[in-house]
Amino acid sequence: MFNKIIKRGHRKPSKADAIDSGLYGFGPAGNRNSGMVSTSNVVVNHASRTAPALSVVNSAPQPGGAVIDPTALPSGNIDPLPPFRDVAVSDRQLLFLRKLQICCFQFDFTDTLKSVREKEIKRQTLLELIDFIQSGSGKITENNQEEMIKMISVNIFRCFPPAPHENSGSEMLEIEEEPYAEPAWPHLHLVYELLLRYVVSSDTDTKIAKRYIDHSFVLKLLDLFDADDPREREYLKTILHRIYGKFMVHRPFIRKAINNIFYRFIYETERHSGIGELLEILGSIINGFALPMKEEHKLFLVRALIPLHKPKALALYHQQLSYCITQFVEKDYKLADTVIRGLLKYWPITNCTKELLFLGELEEVLEATQSAEFQRCMVPLFRQIGRCLNSSQSQVAERAFFLWKNDHIVSLIAQNRNVILPIIFEPLEKNVRSHWNQAVHGLTINIRKMFLEMDFDLFEECQKQHEEMEARARELEEQRELTWKRLAEAAEQRKGEDGITV
């Protein structure tokens, strides 16, 4: 396929030839400066470029620096271009452009024996471009910056193969296998490195760069976070974070776009590979929020972050999500009540694994909670904690008891024991009498002892109320049994009177 495309340059080009050959950065044979770089996600027109083409053929160095012949045509194969150090300074921008054109060639990496030489030439060319930008050998012209972003777009913006769970119809959490490895990674990671070096370079003028790293580019970059290869998502995370930091004009747009990804994940698909990486970026962003916090950021917490506790795949990104949630509470302690009520809203009923994650996150939030906010939500909170203490899943019950090992939480409980102890006294008594697990039974005894030492009179009052409640419950049960007995007797008597056989 590669040789067929190159050979088209030696005959009269058709309209289709112009499009195909333009895929690699070269136009028809009659006009090497026009053409189209096209992928499924990006269409870039080069027709307006008037810079003379630079030969792909390697030229021998000339004394005082090699001079590249701008009129030479590309050969039938990709040939390595001379290093930047072997050409005159005045020719380096032109050489940079031709190296970009070489890097627009696409190769099939599923066949390791195919186009080995051409793949290596492209790899070396990408390394030279990275070194050129990183070393600051010369400021890249605006035209070359645009062409570089186009070359990067051609390489990274692509369609992904179906994910394993899409082929099998299984849930994401049911797939346990080695992480997917992108076949084109030997080239792809160099393209990402080039983009990263360009973004972080002190020579990059954001006023110029924002014309090419625009909203469309950022949106396509965000779409790539669904890649299955974790190495690619790690590069994307770093690059997007750097773009957010350097291009202030894009910040609201990036936050909104990430919002939309979360909405689609929560309410439509529940499938996305890059939620964890996006949350890592947001954790750093939230840490930099100024106080008082904008209403926009509070809405983001309520509408996006808290509902992220709902999907089944929570375990895949819970650590990053918990960090973001905690950052909000540490930034503005008044949000603690909102966060705790949000956790209670999405508290799992039958998923013990998620329940353990919720309890761990709840402890982190409570550590940053002050007394006033704690008092607003303590009644529904300890009703839920009471249910966890009675859980037949011993790990859930033990994790709930471990909340009493946190000094700050114990302090909050002690200040509000008049409200909290009556709520959890019944679950504690139930555990003492009937819980099957000995560890849970022992923890229950310890907590009862703690409350007893904390306030003996309150404990005695709660115990008395509990006994009275049990007595009323027994009385109601006896009345219910008596009522059923009378109904049964009445039915028997009526059956005898009417002669009805049942």
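When reading the values below, keep in mind they use all heavy atoms of this one structure, side chains included, and skip hydrogens, waters and symmetry mates.
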Nearest atoms (heavy-atom pairs only) where [X] meets [Y]:
X    : Y    : result
K354 : K310 : NZ-O, 3.0 Å
I409 : E363 : CD1-CG, 3.8 Å
A397 : S391 : CB-O, 3.9 Å
I121 : I78  : CD1-O, 3.2 Å
V302 : P307 : O-CD, 3.2 Å
L95  : P82  : CD2-O, 3.4 Å

If you define the side chain from C-beta out and look only at heavy atoms, does anything of [X] sit under 4.5 Å from [Y]?
X    : Y    : value
L81  : E128 : no
I258 : F262 : yes
N437 : E398 : yes
I325 : L305 : yes
F225 : L278 : yes
N390 : V440 : no
N259 : R303 : no
F328 : F300 : yes

Partner of V199 under side-chain contact (heavy atoms from CB on, under 4.5 Å), chosen from T206, L194, I213, L240: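 Between V199 and the candidates, side-chain contact (heavy atoms from CB on, under 4.5 Å) is satisfied uniquely by I213.
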field: side-chain contact (heavy atoms from CB on, under 4.5 Å) partner of C388, chosen from L359, L356, L362, L403
entry: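 The side-chain contact (heavy atoms from CB on, under 4.5 Å) with C388 is passed solely by L359 among L359, L356, L362, L403.
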How long is the straight-line distance from [atom2] of [Y] back to [atom1] of [X], given to the nearest 0.5 Å?
X    : Y    : atom1 : atom2 : value
I140 : F96  : CD1   : CZ    : 4.0 Å
D91  : L97  : CG    : CG    : 12.5 Å
K119 : L113 : NZ    : CG    : 8.0 Å
Q395 : C352 : CD    : SG    : 8.5 Å
E373 : L366 : CD    : CG    : 12.0 Å
I239 : L224 : CD1   : CG    : 9.5 Å

Judged by atom type as modelled, is there a donor-acceptor pair below 3.5 Å linking the side chain of [X] to the main-chain atoms of [Y]?
X    : Y    : result
R233 : A227 : yes
S135 : F132 : yes
W347 : E355 : no
K210 : H215 : no
D226 : S273 : yes
H241 : I285 : no
R231 : D229 : no
R197 : I130 : no
S115 : E118 : no
E182 : W185 : no

Does a donor on one side chain sit under 3.5 Å from an acceptor on the other, for [X] and [Y]?
X    : Y    : result
Y244 : R255 : yes
Q145 : Y198 : yes
N155 : Q106 : yes
T110 : D108 : yes
E120 : Q124 : yes

Does atom [atom1] of [X] have more than 12 heavy-atom neighbours from other groups under 6.0 Å away?
X    : atom1 : result
Q93  : CD    : yes
R242 : CZ    : no
R341 : CZ    : yes
L291 : CG    : yes

Does the ring center of [X] lie less than 6.0 Å from the ring center of [Y]?
X    : Y    : value
H187 : F109 : yes
F358 : H309 : yes
Y317 : F265 : yes
F217 : Y212 : no

Side chain to side chain contact (heavy atoms under 4.5 Å, CB included) evaluation trace for F160 with D228: CA-CA 8 Å; F160 293 127; D228 289 323; 5.9 Å; no
Intermediate values then yes/no, side chain to side chain contact (heavy atoms under 4.5 Å, CB included), Q327 and L282: CA-CA 10 Å; Q327 284 289 306; L282 285 170; over 6 Å; no
message: Working note: R211 + E146, criterion salt bridge (Lys or Arg N to Asp or Glu O under 4.0 Å); need CA distance, chi angles, decisive distance, verdict.
response: CA-CA 8 Å; R211 301 174 191 169; E146 181 180 4; over 6 Å; no
- prompt: Going through the checks in order, is the side chain to side chain contact (heavy atoms under 4.5 Å, CB included) test met by L308 and Y346?
  reply: CA-CA 9 Å; L308 274 173; Y346 294 104; over 6 Å; no
message: Among E277, H189, E193, which residue satisfies the side chain to side chain donor-acceptor pair (under 3.5 Å) criterion with Y235?
response: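 Of E277, H189, E193, side chain to side chain donor-acceptor pair (under 3.5 Å) with Y235 is met by E193 alone.
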task: Applying side chain to side chain contact (heavy atoms under 4.5 Å, CB included), run through T369 and D337 and close with a yes or a no.
output: CA-CA 8 Å; T369 303; D337 176 50; over 6 Å; no
- request: Applying salt bridge (charged side-chain N to carboxylate O under 4.0 Å, His left out) between D79 and each of K122, R117, K99, report the one that passes.
  value: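 So, applying the salt bridge (charged side-chain N to carboxylate O under 4.0 Å, His left out) to D79 and each of K122, R117, K99, only R117 qualifies.
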message: salt bridge (Lys or Arg N to Asp or Glu O under 4.0 Å), that's the test. Do E234 and K237 meet it? Break it down for me.
response: CA-CA 5 Å; E234 194 66 23; K237 178 185 72 176; 2.7 Å; yes
